[in-house]
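Notes follow the structure.
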Amino acid sequence: MSNIVNIEYNRVTNTTSTDFPGFSKDGDNAWDVQKFRDNFDINISSINERDANFDLVHIYTSLANAFRRIMMSEVPSVAAEYVYFMNNTSVIQDEVLAHRIGLVPLKIDPDMLTWVDKTLSEEEKFTDENTVVLSLNVKCTRNPDAPKDCTDPRILYKNAHVYARDLKFEPQGKQKETFADRPVVPCDPEILLAKLRPGQEISLRVHCILGVGGDHAKFSPVSTASYRLLPQINIIQPITGDSAKRFQSCFPKGVIDINGEGEAVVADARKDTVSREVLRHEEFEGKVQLGRVRDHFIFNVESTGAMTPEEIFFKSVRILKNKAEYLKNCPIGQS
Amino acid sequence: MSQGMVKKRKTASGVEHTHGKDENFDELLKPVFKGKKLTDEINTAEDKWNLLPAFLKVKGLVKQHLDSFNYFVDDDLKKIIQANQLILSDVDPEFYLKYVDIRIGKKSSSSVRDYLTPPHECRLRDMTYSAPIYVDIEYTRGRNIIMHKDVEIGRMPIMLRSNKCILNEADEKTMAKLNECPLDPGGYFIVNGTEKVILVQEQLSKNRIIVEADPKKEIVQASVTSSTHERKSKTYVITKNGKIYLKHNSIAEEIPIVVVLKACGIISELEIMQLVCGNDSSYQDIFAVNLEEASKLNIYTQQQALEYIGAKVKTMRRQKLSTLQEGIEAIATTVVAHLTVEALDFREKALYMAMMTRRVVMAINNPKMVDDRDYVGNKRLELAGQLISLLFEDLFKKFNSDFKASIDKVLKKPNRAMEYDALLSINVHSNNITSGLNRAISTGNWSLKRFKMERAGVTHVLSRLSYISALGMMTRISSQFEKSRKVSGPRALQPSQFGMLCTADTPEGEACGLVKNLALMTHITTDYDEQPIKKLCYIIGVEDISMIDSASLHLNYGIYLNGTLIGITRFANKFVTQFRNLRRSGKVSEFISIHINTHQKAVQIATDGGRICRPLIIVNGGKSRVTAQHLADLMNGELVFDDFLKLGLVEYLDVNEENDSFIALYEKDISPASTHLEIEPFTVLGAVAGLIPYPHHNQSPRNTYQCAMGKQAIGAIAYNQFKRIDTLLYLMIYPQQPMVKTKTIELIDYDKLPAGQNATVAVMSYSGYDIEDALVLNKASIDRGFGRCETRRKTTTILKRYPNHTQDIIGGMRVDENGEPIWQHKSLGPDGLGEVGMKVESGQIYINKSIPLNSTEPFSGDATSQFKETPVVYRAPEASHIDQVMMSVSDNDQALIKVLLRQNRRPELGDKFSSRHGQKGVCGIIVKQEDLPFNDQGISPDIIMNPHGFPSRMTVGKMIELISGKAGVLNGSLEYGTCFGGSKLEDMSKILIDQGFNYSGKDMLYSGITGECLQAYIFFGPIYYQKLKHMVLDKMHARARGPRAVLTRQPTEGRSRDGGLRLGEMERDCVIAYGASQLLLERLMISSDAFEVDVCNSCGLMGYSGWCTTCKSAENVIKMTIPYAAKLLFQELLSMNIAPRLKLDDIFQE
């Protein structure tokens, strides 16, 4: 069976791989490490602080999907969990402000903290090993230097807008040393938390702890982590002349080239968004076959900023490995 | 037309620009609006819709209420005062008191309005938003005549935003200062702190002839409801056995119509024939029999006729009149009472009744000549102003008679020391008017003595569930028809509703079709004086009715002013054209309608109030009068809507005149015969139905469902929502304006106070927890704030003062041995009230109130330990936070405490959501993000909707909304789904293709669970979803043991009383049929109200403690268990002398 998913006009076929043991009588298809090592390939197209784009080639769908799922919901990260209000005279309600603070991604290496034991009482729960304390103390005042005819509240008043950068790190115990070279700051300082007017103030303390995205989306280290399959365009019959031009316009720029003979050729199928626009036109019927390579995953990992995307991916691999090992050591597995 | 007029207006509109309310609309009229510049080519066909915002700028959304109230306080009050201006004394003939003038909220001496307590303060302090009513009076004191100005006779509740309200023409800044929302439409009252709306009442028009036929009973009747300030009565002209009679409530039996006409002074039978039938021989044949009837009764002269009638009159007079006088009285005052008779000249009345008879004859001759009761042109709408006017006049009359009684009482006393000053006793009764008005508005019971009218449910509490629900309430029209009656006529959609009443917005169920809503561009007329119009008619060539001989009456067109014949004309078309020209040039009020009824050979002119009308563009000679230049001037702000009226480009048509016109829907449809052009077709819908995108693609009931649901959507309510302390308020934390808007949404500012969020929807089957319209929600979306809402609940406590100078008090908090407050008092502050921001859990106290044990006897001095704690305890499944605590003083000087509790809620299983297409569903499962399908971009849906929702509902509009929304998201633009317009589907598909998506809006998705591609393409994109107020947290309920009702000892009913779940009759039937007798016993007795009784087997009655009180023995007493309700029944029967005796036997004989 081919490893191409067929993109038809109104359906997708051949979506499932069949290369597992027992599916067909010829070839046992058993998983072989060596074979996997020989075939498996990683191509990195782009990588930076916030996002990464890389290909995993010749890998089982379930594995690729497991990485995606783990990155989203099982790689731990640090986020605000407990917010203690000393004062809040702003219009925004305590619960809403706390929720907003919780969603602010923080630049904390999750390895610096340990897990909080939630069974302990409120007094014993938090230590300098498992909790990062932030505080927010802002008070809005009038700006005496504001021009008379100004209507912009940001100029008219001081601290009219409260941003994530106003969250200040308060090192506890030995955190002064451990966090000395990388103080805790929000990844995106420009996140608007609240708006104030003169006379209003907010004063609160935040306890940030380790968590996983499965518990709450704020603990997810990625904005999203997903993949798509590599598109494939198969021109069965040559398309030439004006028809080729029209054919080209059915795809995003750079997907189809027209060669010297005026014939449409596939330049870069990877750039295709698989809009299936060609399939709408009768003139291309039977001339082109769209598909996607089933074991070629183009991953896109967008980090929230606490960790680099590759670190998140590596962690997902490690977590999957630990899970497999746990399963291997399970009493059930050893029988 | 005159350029000068335009110029003059320019300055006038320049002044208007400083008005606050205009700011909102200014934006719509700014040079650059929604990407359209002034330099853009003006296309009349496209841009004539700009007249709509211009109309709303002048009229506002609830202008009908404001206009009517303004008319009442400015004009109607003065008329009422004039009609009741004199108070005379029965004792002293010299004495008189005369009302000269009346004013509301302003003294004649001062140039500014009185200070009124601002509306928001009234809401918070449970006060009435009212202004003093001042009258100027003139009266005698001894020999002197004294003038007195500005005497307060009571307080009038003020409609918000009316011209007596302090918010009238207030700009946004002033509104903010007064804690008011600038988007609030006003039009309601604040009475004792609650917002009350007087709904628009729909009625059959008064003083008009309605002809009806009952083919089964062979009855044809013409009826007229005469309504004057003093009385209401109904006069009928009906057929009976082929003869025509007059029927009236105060006349014992039907009177032959010829007798009536003779009583009116038309003695000649020829003239009667001429008046009724003209020269039409078929009419004459039908009518001739009536003449015979009169001669059979031997009535030939007026005197005979009057005496005949006088003998049949039901009288309740004290002094007896002769039958002749009774007859004259009846004809002059009771029959067709709205026509006044001067100097016993009955001719006008005779003509009126002859016309009624003629209509009956016409209907007999041709059964199609009957009127339709349900036709909107035969309806009149009664608004707040009219209703309050009726009430006020009643109260004012009562006030005057009380006043007169107290004056008489004083004047009766002989030799008074001082000369009596009537001013002293005027204030005594002033409370009557104030409290009368307050009571009527707050209870909704309108009881008018003079009409013997009792009407309940006139007012309603303004629903503040959402901005839309408040707005929807202001445009609502309630009908007088009984809800329970199963009639289809009044409920059906009338073709004449087009453009006047919303075609979609009506409730489902019993009130369906009876409760209606106004369309977007409507106006309800107020009364207009008919005398000038009458004069005008004579000037432009109408022949006065009193000058015409009866023979030529029906040869020509009759001119009817408010249903009364005032003259005839030979050139009806010419007259109507002339009249219309006068109206278009502004010589006559624009709300006066005129139309020709060719069937009745009549020209009807209407000046009365309560007619619905709407503006239309005038078309002349196949060309729209509104040109591109006019629209350009409108957008420049050089013209306002009123200028269009003055220039004769646009005019108001009521339903009757609309039916006499030929209206083109679009400019392209104009033919040489067209008379008018529609301003904008989407104005057939009202404000609430205007929220729906692409409603013209939906099945019509779906739009109706959405109209009901849009009012339940949680969103932003007003700009002052956090300042309000309402009994219950639902707010959404992050409301969004819809991706697919409509023009109506912008016009009613729904985009500023939205109620919903744009959810990314995948239309697919997922997990099986989405059957029967259930929705699958994305957990991560909820974590990030999707569908979060807040409830705010108020508790009011009043600290009462008692006659013995004791008073309720607020205690402090109790502390334990460590000085910490006890658990119940944790959220209290040192003042005994909950602290703002504290969490209150079920069982905790947030107002620690105590009441004195002794509140009646004189105070003994020992102040301590005489109080009983009556704290306000919080009881709910979830904790709340204290949002606000307000302490104030109410009207009667008692301390008023309001505590507002706030609860933050994230969506949970069972919460109800709905799109804008009447597609509601509950959340069936909440799924983790990684399990949900995702597309190439990694986007996963917020909501998964089951595709089975589409085929049977046929909400194609929802699909187009999704595609337009998706195109808008990709394009960075807001798309329009306006009714009969909006963004075109082809254009939207084009955007999708250009952005690399499929034209159909269907994407290839990957399963989040397996990671493989899904085999079908999934319809995927944003749809605006509303969270509805029905939430699981407010409904969940279970009980094992709990309270029981005192009387029956059965478990209580209802969630609020922690009641049980009833195993009802039908469930019981099932169990009986199944034969599970022990289950029955357990459910119906043991778990309910089992009770052990002692039954005496000898007498069969119940005793107690093993003793039969009837037999005075314990011998045959047997203990048994019966339901307490059964025991109660036996005892109740005993109390009414029925002895139910129990006979006990063993079933299992030994």
Side-chain angles (χ1 to χ4, degrees), chain A residues 5 7 10-17 60-66 68-74 85 87-89 91 93-96 99-100 102-103 213-218 220 223-229 231 250-252 272-277 279-280 292 294 297-298 300-302, chain B residues 721-723 731 733-734 778-786 788 790 792 836-839 881-883 902-906 928-940 989 992-1000 1002-1018:
Chain A
V5 174
I7 309 284
N10 50 15
R11 60 175 178 168
V12 187
T13 54
N14 199 26
T15 55
T16 316
S17 60
Y60 280 125
T61 306
S62 43
L63 272 180
N65 191 34
R68 183 189 70 88
R69 291 168 60 93
I70 292 168
M71 278 191 281
M72 276 205 285
S73 73
E74 282 178 75
F85 282 84
N87 196 7
N88 173 19
T89 52
V91 290
Q93 304 89 321
D94 297 354
E95 304 94 290
V96 181
H99 175 234
R100 291 180 76 90
L103 287 172
D215 286 347
H216 195 283
K218 69 186 171 186
S220 181
S223 303
T224 191
S226 81
Y227 58 73
R228 65 189 179 106
L229 298 178
C250 287
F251 293 92
D272 188 21
T273 57
V274 202
S275 73
R276 287 138 39 219
E277 178 64 9
L279 303 178
R280 248 179 101 195
R292 305 193 100 163
R294 199 165 50 212
F297 298 91
I298 305 171
N300 188 48
V301 179
E302 290 172 37
Chain B
Q721 57 186 11
F722 296 126
K723 303 237 158 150
L731 302 175
I733 308 282
Y734 298 114
N778 181 341
K779 177 167 178 292
S781 305
I782 298 171
D783 287 346
R784 292 180 174 115
F786 176 79
R788 283 196 187 220
E790 185 176 277
R792 318 178 129 239
V836 171
M838 290 301 282
K839 191 179 197 173
H881 291 262
I882 295 171
D883 193 74
R902 141 167 61 89
Q903 212 170 43
N904 200 282
R905 294 177 179 179
R906 58 181 269 156
K928 291 187 283 181
Q929 192 190 348
E930 63 264 28
D931 286 338
L932 285 166
F934 57 99
N935 69 359
D936 275 5
Q937 281 79 28
I939 300 170
S940 48
S989 289
L992 288 184
I993 295 163
D994 291 346
Q995 301 289 341
F997 281 79
N998 190 258
Y999 76 103
S1000 65
K1002 289 187 188 176
D1003 289 350
M1004 203 189 108
L1005 257 53
Y1006 302 87
S1007 162
I1009 300 168
T1010 67
E1012 289 164 350
C1013 305
L1014 296 179
Q1015 285 181 310
Y1017 299 115
I1018 304 297

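To find a chain, count down the sequence lines: A is the first, B the second, and so on, and within it residues start at 1. Worth knowing before you read on, the calculation uses all heavy atoms, side chains too, and leaves out hydrogens, waters and symmetry mates.
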_side chain to side chain donor-acceptor pair (under 3.5 Å) between B:Glu930 and A:Ser73, worked out_ = CA-CA 7 Å; B:Glu930 63 264 28; A:Ser73 73; 2.9 Å; yes
*Hey, does the Lys NZ or Arg CZ of A:Arg228 hover above the aromatic six-ring of B:Tyr1006, less than 6.0 Å from the centre and inside 45° of the axis?*
no
*Please confirm whether A:Arg11 makes a cation-pi placement over B:Tyr1017, using NZ or CZ under 6.0 Å from the six-membered ring centre and within 45° of the ring normal.*
no
*Verify side-chain contact (heavy atoms from CB on, under 4.5 Å) between A:Arg292 and B:Met1004, making sure each step is shown before the conclusion.*
CA-CA 11 Å; A:Arg292 305 193 100 163; B:Met1004 203 189 108; 3.2 Å; yes
_By side chain to side chain donor-acceptor pair (under 3.5 Å) - contacts of A:Arg68 (at least two apart)_ = A:Asn65
*asked:* If the condition is side chain to side chain donor-acceptor pair (under 3.5 Å), which residues does B:Gln995 pass it with, not counting sequence neighbours?
replied: none
*How far apart are the closest heavy atoms of B:Gly938 and A:Ser226, and which atoms are they?*
CA-OG, 3.1 Å
*What are the two closest non-hydrogen atoms of A:Arg69 and B:Ile1009, and how far apart are they?*
NH1-CA, 3.8 Å
*B:Glu1012 CD to A:Thr15 OG1 distance, which is reported to the nearest 0.5 Å*: 5.5 Å
*Side chain, backbone, both or neither: which part of A:Asn87 has a heavy atom under 4.5 Å from chain B?*
neither
*Heavy-atom proximity to chain B below 4.5 Å, by part of A:Thr16*: both
*Counting only heavy atoms closer than 4.5 Å, note whether B:Lys1002 contacts chain A via side chain, backbone, both or neither.*
both
*Which answer fits B:Leu1014, side chain, backbone, both or neither, if we ask what part of it has an atom under 4.5 Å from a heavy atom of chain A?*
backbone
*So A:His99 and B:Tyr734, would you call those rings parallel, tilted or perpendicular, with 30° and 60° as cut-offs?*
tilted
_With a 4.0 Å cut-off on N to O distance, would you call A:Asp94 and B:Lys839 a salt bridge?_
no
